[in-house]
Amino acid sequence: MSKEVKRYTITAALPYTNGPVHIGHLAGVYIPSDIYARFLRSNQKDVVFVCGSDEHGVPITISAKKEGVTPQQVVDKYHKIIGDSFKELGVSFDIYHRTSDAMHHETASDFFKHLHNEGLFIEKVSEQYYDEKENEFLADRYITGTCPHCKSEDAYGDQCEKCGTSLSATDLIEPKSALSGNKPVLKETKHWFLPLDKYEAWLKEWILDGHKSDWRSNVYGQCKSWLDQGLQPRAVTRDLDWGIPVPAEGADGKVLYVWFDAPIGYISATKQWAKDYGKDWEPYWKSDDSKLVHFIGKDNIVFHCVIFPSMLKAHGDYILPDNVPANEFLNLEGDKISTSKNWAVWLHEYLEDFPGLQDVMRYVLCATAPETKDNDFTWKDFQTRNNSELVGIYGNFINRVVVLTNKYYEGVVPEREELSDYDKEVLAELKAFPAKISKSIEAYRFREALMEMMNLARLGNKYLADEEPWKLVKTDEVRTKTIMNIALQIAANLSVVSEPFIPFSAEKLRTMLGLDQLLWEQAGKDNLLVEGCKIKKAELLFRKIEDAEIEAQLEKLEATKLANQMVKSQKANVSFDDFCAMDIRVGTIIAAEKVKKTKKLLKLTIDTGIDVRTVVSGIAEYYQAENIIGEQVSVLVNLASRKIKGIESQGMVLMAEDKDGALRFVKPSDVSSNGSTIA
RNA sequence: CGCGGGGUGGAGCAGUUGGUAGCUCGUCGGGCUCAUAACCCGAAGGUCACUGGUUCGAGUCCAGUCCCCGCAACCA
C-alpha cells in the first residue's frame, strides 16, 4: 500500500515546561527529528516540522505552588529557556509554539466539541478521589496504591510502572494521596471519557497487522502488550483550574486532560505556522498523501500510538501517523538522567560552556543516540568523538584540501584531465554515498547514516594519502590538478550530505568552498565545484577539546553529586513531649539473617531487656548477618509494628546515615545492660 | 518464578530479512609529512556467555541454563 508522499508533517514531542531541556531529550527526540526534517527539506520535500511547549497539567501547578508563583509564570520561564536553546542548537522547527496560546486553546476546544457533538464521548458521573486536606481532586498520577494486576504496592493511578498496565485510579487497591499521604475520599464528579475499548479492534488491525515490519520493535512490542491487555475508556477531562476549559454544559472548574490537549498542540502549531506564512494547514493533517511522523521518547509510546490515533480516528478527518520512531533513554556517566537530582547536561548550560560548538553536541548525540537500547553519554567519549572524528577525520580532510588548493592554485579550482582507474573507482564510491545515507535516514537509522557520512570523509583522506599530490606536484602538474579536483568534489559533497547532521559546519564549509546551498539530489555529482571558481582561505571547522574542558564538566557533575549528599537541613521543631513519647532502649542482637529476595534487609532478633523481639532492618548492604551477633544497638521499641516482606517487624534499629548513604549503628560507647533507656 | 535491557577481540559498540565477524579507541610495526602530532596502510587479539535443536549453513531462528546491568520492591 505504498502511496506517493506529497508532504510531510514531522512532530517532535512537546517538552513539558517544568524544567529545561537536557541531552537525553536531544538524543532521543530533537536531534533525530531535526536531521530528518533537514534531510527532507534538502530533498525539496514539502515539510512542516512542529514543536512547542506543553504547558498544562498538574505538575506545573505544583511547581508553581512550590515556588510561590503562578503557573503562567512557570511556563513562561521555561518556554523561553527551552525555545531559545533549541534555536541556538539549530533545531529547525518551522514553528515552536506553546499550548497556553489562544490558537491552541481554540483548536483543542474545537476538537473536543467535534467529538462531543458526534456523541463520541461517554459522559460519566463518577466518584473521583478527593483530598480533603488539600481541597482538590487528585490527578491519577498523585494517587498511589496496589496494582490490581500484579499486586505491586506502589502503582500510580494512571499506570503501574511495575507491570506496565495502564490503570484508572479507582482500580487501585488501598489508594493514598501523594500530596498529603491521606487516604483520599471519593467524591462525585462528571467527566468525559473516550471509549478506547471501541477502537481496540481497529488499533489491533492498524498496528499489529499494519505496522509489524516498519515500526521499531520496542514501539511495536509496547503497543502489543497494551492491546493484548485490553483497553478501557479513558477520561479526557480533569478537575483542575489550569488548562483548557472543557467546552460543554456542566463543566465548570474542569479542563481538558493534558494528554488530550498536548498532542493536539501539534495541530495548533501547524495552524499557527500556516497562518504566519499564508499557507493552508489542513492538507498536512487531513490529506492521505501526507506523511505524519512523531518523534518521541519511549515514555510517550502509548499516547502517540494508541490514544492520539484513537482521537484522530474518532474525529474522522485526520490522517494517522505513518511511523513513531521512539528512542530509548540516554544515561549520563553511567547513571540515569534525573531532573530532580540535577543529574543532567542541560542544553542551555552546554551552549554557554561550549559556545559555537553546537555541531559537536549534535554529532556526538546522534552517534550515541539510544536507538535500540539505552545508551550512555560520557564526557570522555564526547571528547574522543570530537577530537578523533570531527577534528581528525572530517575537519582535517577539509583543511588539507583547502590548504593545498590555496597553495598550489591560489584557491582556483583546477581542471580535471584524464581519469585513472582509481579516480573512477573513487568517483563511483562517492556517487553511491548519498543513496546509502538516504536509505538509513528514511529508515530512521540516524547513527548508521552519520557513520556513512563520516566514511565519505574517510574516503577523502584515503584518496589523498594514496595519491600524494604533494609529491606529484613536483613531477606531474596535470595529474596533480586532476587529483585536487576530485578531492575538492569530495569536500563539496560533504557539505551537502553532512548538512542535516552538522548544519553550522556544513555552512562554514560551503562558504569556504564558495558554494550556494545545494540540494540533496546534487549530492554524488563530481562537478559540484566548477573548474576556475575560486575558494576561500582555509579556516578550521572544528577545534580540539582539551582535557581541562572535560575535567571541568566532570567536576561540575561531581559537585552535583556532592550537593545531593549535603548534610540534610534541620527538620521542623518538635515538642519535648513528642520526643519523650519515643521509647528508645539499648538492645543486643542475638540473631541475624538475610531476608530472602531482598537486597537491603536483615531480619534481626534483639534482646531489648523488655523482651526478645524481631526487627527487620535495611542494613544488609553495610553489615553481614554473621558479623553483628552480639552487637549492642539502639532500638526504638514503641514504634507500631509493621509487616515487611511478610515478617512482623517490632521496632526500629537507629542508624547514623552518612553523606554517601552508608549506615552505622548508633550504640552506647560502653557495654550497657539491655533495656537501658536512651534520652 | 516482578518488569525490561544485555552478554561479540584490552575498552566501548555495530551487526537490518540466517550465507566468509565489522567499527571507533587502545597496542605494535610501517608509510606520509599537504594537514589541528592530524592522515593512510598493515599486524596481533574473538570457540560471537553456555548447552542442545532447526538448517546445506546461525552472532543472527527455537528451547533451556548461567551471569551482568537498570527499574521496581524492600528500608520504620
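These numbers come from a predicted model, not from an experiment. Below, read A as the first sequence line, B as the second, and so on, with proteins coming before strands; counting in each chain starts at 1.
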Separation of the C1' atoms in B:A63 and B:A44, to the nearest angstrom: 38 Å
Rounded at 0.5 Å granularity, tell me how far CZ in A:Arg416 sits from CD in A:Gln489. 5.5 Å
When rounded to whole Å, the CG to P distance for the pair A:Asp547 and B:U36 reads 20 Å
Side-chain touch A:Leu430/A:Asn493, heavy atoms, less than 4.5 angstrom: yes
A:Phe446 has an atom CZ; how far is it from atom C1' of B:U16, in whole Å? 15 Å
Please give, in whole Å, the distance from B:A38 P to A:Leu390 CG? 15 Å
Per the salt bridge (Lys or Arg N to Asp or Glu O under 4.0 Å) rule, what does the pair list look like for residues 386-405 of chain A, sequence neighbours excluded? A:Arg385-A:Glu389
Would you mind reading off the distance between A:Leu636 atom CG and B:C75 atom C1', rounded to a whole angstrom? 15 Å
Roughly how many Å apart are B:G9 and B:G5, using the C1' atom of each and rounding to a whole number? 23 Å
Answer yes or no: is there a side-chain heavy-atom contact under 4.5 Å between A:Phe433 and A:Ile490? no
Would you call A:Tyr408 and A:Trp470 a side-chain contact if the rule is heavy atoms closer than 4.5 Å? yes
Classify the nucleic acid contact of A:Leu654 as base, sugar-phosphate or nothing, counting any heavy atom under 4.0 Å across all strands shown. nothing
Side-chain donor-acceptor pair under 3.5 Å between A:Asp423 and A:Tyr463, yes or no? yes
Rounded to whole angstrom, note down the P distance from B:C69 over to B:C1. 24 Å
State the CZ-CG distance between A:Phe504 and A:Leu541, to the nearest 0.5 angstrom. 14.0 Å
Considering only the P atoms, how many Å lie between B:U8 and B:G59, rounded to the nearest integer? 15 Å
Distances for protein N/O vs nucleotides 4-12 of chain B N/O pairs under 3.5 angstrom?
none

Any pair counted as salt bridge (Lys or Arg N to Asp or Glu O under 4.0 Å), so long as it reaches residues 441-457 of chain A, sequence neighbours left out: A:Lys436-A:Glu452, A:Arg445-A:Glu448
Between protein and nucleotides 17-35 of chain B, map the contacts as a letter string: B base, S sugar-phosphate only, - none, heavy atoms under 4.0 Å, written 5' to 3'. -------SS------SSBB
Taking the nucleotide of RNA chain B with the closest heavy atom to each, which residue, A:Arg447 or A:Gly395, is nearer the 5' end? A:Arg447
Quick one: is B:C41 close enough that its OP1 or OP2 comes under 4.0 Å of any side-chain N or O from A:Lys462? yes
In whole angstrom, give me the gap between the C1' atoms of B:U65 and B:G7. 14 Å
Is the ring pair A:Trp379/A:Phe377 parallel, tilted or perpendicular, if the boundaries are 30 and 60 degrees? perpendicular
Hey, are A:Lys534 and A:Glu410 close enough for a salt bridge, meaning a charged N less than 4.0 Å from a carboxylate O? no
With P as the reference atom in both, quote the distance from B:U17 to B:G6 in angstrom, rounded to an integer. 14 Å
May I ask you to decide if the ring planes of A:Tyr36 and A:Phe446 are parallel, tilted or perpendicular, using 30° and 60° as cut-offs? perpendicular
Separation between the C1' atoms of B:G15 and B:G22, rounded to whole Å: 7 Å
Determine the contact category for A:Ser617: base if any of its heavy atoms lies under 4.0 Å from a base atom, sugar-phosphate if only primed atoms, P, OP1 or OP2 are that close, otherwise nothing. sugar-phosphate
Pairing pattern in dot-bracket form [Watson-Crick, G-U; both distances under 3.5 Å; | = partner strand] for RNA chain B: .((((((..((((.....[..)))).(((((.......))))).....(((((..]....))))))))))).....
Does A:Lys667 have any salt bridge (charged side-chain N to carboxylate O under 4.0 Å, His left out) partners at least two apart in sequence or in another chain, and if so, which? A:Glu631
In whole angstroms, how far is the P atom of B:A14 from the CG atom of A:Asn455? 17 Å
Taking B:C61 as the reference, what is the distance to B:A14 when you measure between their P atoms (whole Å, please)? 15 Å
